[in-house]
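Some notes on the structure that comes next.
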Amino acid sequence: MKPFSELSAEELAMENLFIRWVRFPDDQAIRSFWENWIIKYPSRQETVEKARELVLIASDWRPDSLTSQDVNSLWGRIRSSLDIIGDREAKKSTGDTSGNNSIARSIILILMSVTFLFFLFYFIFTSR
C-alpha cells in the first residue's frame, strides 16, 4: 500500500479513513489526523481538495439525477485518470513493462468499475 502522500486524488478519495473524515468532520480523532497530515504535506493540499470534492459528489449522488451524458462524462474522466496514472507509472518503471502496464490498467479499471457499481447499487437501495 502506498502512503497517503503518494496517492492521486482518485486514489485518496477511495480510502476509508479519508472518506470518513469528509463525511463525518465532527470525529475529532480523524479530523485531527487529517489536519496534521495537511500541515505535514502542504504540497498535497490541491490533491486533498480534489479528493474531498470526489467524496462529496459520490456521497450526494442520486442515480436518477444522472443523465446518460453525465454517465459518459464520468466514465471519460475515469478513463482519463487511468491513462494519467498509467503514464505516471510508465515513467517510474525501467525496462520493458508494456505487458505489466496493460495488466495494471485492466485491474484498476475493474476496481473502478466495481466501485462505481457499488455506489450505484448503494444509492439505489438507500434512496427508497
Side-chain angles (χ1 to χ4, degrees):
M1 181 176 154
K2 290 195 260 183
F4 291 135
S5 60
E6 295 179 13
L7 298 179
S8 68
E10 293 81 6
E11 292 169 321
L12 191 58
M14 294 190 314
E15 290 292 328
N16 288 332
L17 186 62
F18 186 81
I19 293 168
R20 190 162 170 183
W21 172 55
V22 173
R23 297 212 48 222
F24 306 104
D26 293 335
D27 186 323
Q28 181 59 38
I30 294 174
R31 186 176 75 214
S32 177
F33 170 83
W34 283 106
E35 287 173 353
N36 289 327
W37 188 88
I38 292 170
I39 290 169
K40 187 175 180 180
Y41 298 99
S43 64
R44 304 297 291 166
Q45 180 68 35
E46 184 177 334
T47 302
V48 168
E49 289 172 10
K50 286 180 184 177
R52 186 175 187 281
E53 181 181 332
L54 290 171
V55 170
L56 291 172
I57 289 170
S59 298
D60 290 337
W61 177 65
R62 297 289 179 249
D64 56 330
S65 67
L66 285 181
T67 65
S68 61
Q69 184 179 7
D70 292 334
V71 171
N72 291 336
S73 174
L74 180 60
W75 279 113
R77 290 177 65 190
I78 290 171
R79 286 186 192 105
S80 174
S81 296
L82 292 174
D83 288 341
I84 291 169
I85 291 169
D87 291 345
R88 188 181 306 148
E89 293 298 321
K91 288 179 184 177
K92 289 181 182 179
S93 65
T94 58
D96 182 25
T97 59
S98 59
N100 291 339
N101 283 340
S102 64
I103 292 170
R105 278 192 193 162
S106 298
I107 291 171
I108 291 171
L109 183 58
I110 290 168
L111 291 174
M112 296 288 282
S113 299
V114 169
T115 302
F116 178 79
L117 290 173
F118 169 79
F119 281 118
L120 177 68
F121 287 117
Y122 176 79
F123 288 109
I124 286 173
F125 292 112
T126 59
S127 64
R128 292 182 183 191

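- Residues Tyr41 and Thr47 fail the side-chain proximity criterion, which asks for heavy atoms closer than 4.5 Å.
- Here Lys50 contributes atom NZ and Leu12 contributes atom CG; the two are 12.5 Å apart, rounded to the nearest 0.5 Å.
- Across all non-hydrogen atoms, the minimal contact from Ser8 to Glu11 is N-OE1, 2.8 Å.
- We find the CD1-CD distance between Ile78 and Glu10 to be 9.0 Å, quoted to the nearest 0.5 Å.
- Other residues, nucleotides and ligands contribute over 12 non-hydrogen atoms within 6.0 Å of the CZ atom of Arg44.
- The aromatic rings of Trp34 and Phe4 sit tilted, their planes meeting at an angle between 30° and 60°.
- Distance check, rounded to the nearest 0.5 Å: CD1 of Ile30 to CG of Asn16 gives 10.0 Å.
- Under the rule for a salt bridge (Lys or Arg N to Asp or Glu O under 4.0 Å), the partners of Arg20 that lie at least two apart in sequence or sit in another chain are Asp27.
- Closest of all the heavy-atom pairs between Phe18 and Ala13 is CD2-CA, 4.1 Å.
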From CA spacing to verdict: side-chain contact (heavy atoms from CB on, under 4.5 Å), Trp37, Val48: CA-CA 10 Å; Trp37 188 88; Val48 168; 3.5 Å; yes
Derivation of the side-chain contact (heavy atoms from CB on, under 4.5 Å) call for Leu54 and Arg77: CA-CA 12 Å; Leu54 290 171; Arg77 290 177 65 190; 4.3 Å; yes
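- Without hydrogens or angle criteria, Glu6 side chain to Pro3 main chain gives no donor-acceptor distance under 3.5 Å.
- Between Leu17 and Phe33 the shortest side-chain heavy-atom distance falls below 4.5 Å.
- In this structure the side chain of Asp83 reaches within 4.5 angstrom of the side chain of Arg105, judged on heavy atoms.
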- request: Start with the C-alpha distance between Phe116 and Trp75, add both sets of side-chain angles, then the distance that settles ring-ring contact (aromatic ring centres under 6.0 Å, His included), and finish with yes or no.
  value: CA-CA 10 Å; Phe116 178 79; Trp75 279 113; 5.0 Å; yes
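- Arg31 is not listed as a side-chain neighbour of Phe24, based on a closest heavy-atom distance of 4.5 Å or more.
- Between the side chain of Ser73 and the backbone N or O of Gln69, no donor-acceptor pair lies under 3.5 Å.
- For Glu53, there are no salt bridge (Lys or Arg N to Asp or Glu O under 4.0 Å) partners two or more places apart in sequence or in a different chain.
- Of the possible polar contacts, none joining the Ser80 side chain to the Gly76 backbone as a donor-acceptor pair under 3.5 Å is found.
- Alongside Ile39, the hydrophobic cluster contains no other residue (criterion: ILVMFWY side chains under 4.5 Å).
- Met112 and Ile84 fall into different hydrophobic clusters, defined by Ile, Leu, Val, Met, Phe, Trp and Tyr side-chain heavy atoms under 4.5 Å apart, directly or through other members.
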